[in-house]
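The shown structure was predicted, so the numbers you read here are calculated from the model rather than taken from an experiment.
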Amino acid sequence: MKFVAERPFADPEIACRKLLELAHAFEPVQDGRIYIEKINGPFIFELKGTPAEYKAGLDLAIAKGCWRCTEAAGVRLSGAGAALA
């Protein structure tokens with residue numbers, strides 16, 4: 001008997017894909033940046049992902065070169081991240 005439901009974003013690859021999907025939903029602001037709160041808010045509060053799942057997906061996206069963090073609280077999609085649209 002299972003008492004705990006499966007977590008949809010427990011796999012970092014799935015969390016990474018969802019974060020990229022959320023990033024593509026917003027129009028970039030100056031210099032192609034997307035504010036990070038436009039991504040983490042929906043992931044944590046609407047999709048009910050945990051902060052650990054969010055961090056694992058974010059780390060994987062950065063490691064794969066899908067996006068890079070900017071100095072102004074945002075991310076910028078790279079060529080690999082833009083191709084996954």
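Looking at E13 and K64, a side-chain N of the basic residue comes within less than 4.0 Å of a carboxylate O on the acidic one, giving a salt bridge.
Here the shortest heavy-atom pairing between P51 and I44 reads CA-CD1, 4.4 Å. Heavy-atom minimum distance, A15 versus G57: CB-CA, 3.9 Å. The minimum heavy-atom distance linking P42 with E37 is given by the pair CD-O, 3.9 Å. Taking both residues in full, the closest heavy atoms of F26 and K38 are given as CE1-O, 3.0 Å, listed atom of the first, atom of the second, then distance.
Under the 4.5 Å side-chain heavy-atom criterion for Ile, Leu, Val, Met, Phe, Trp and Tyr, I14 and L60 are members of distinct hydrophobic clusters.
Counting heavy atoms from C-beta on, the side chains of L58 and W67 come closer than 4.5 Å. Residues I34 and I39 are in side-chain contact: their nearest non-hydrogen atoms beyond the backbone lie under 4.5 Å apart. Counting heavy atoms from C-beta outward, E53 and F43 have side chains that approach closer than 4.5 Å. At least one side-chain heavy atom of T50 sits under 4.5 Å from a side-chain heavy atom of R7. Using a 4.5 Å cut-off on side-chain heavy atoms (C-beta onward), L22 and N40 make no contact.
The residue from K18, H24, R17 that alone fulfils the side-chain contact (heavy atoms from CB on, under 4.5 Å) condition with E21 is K18.
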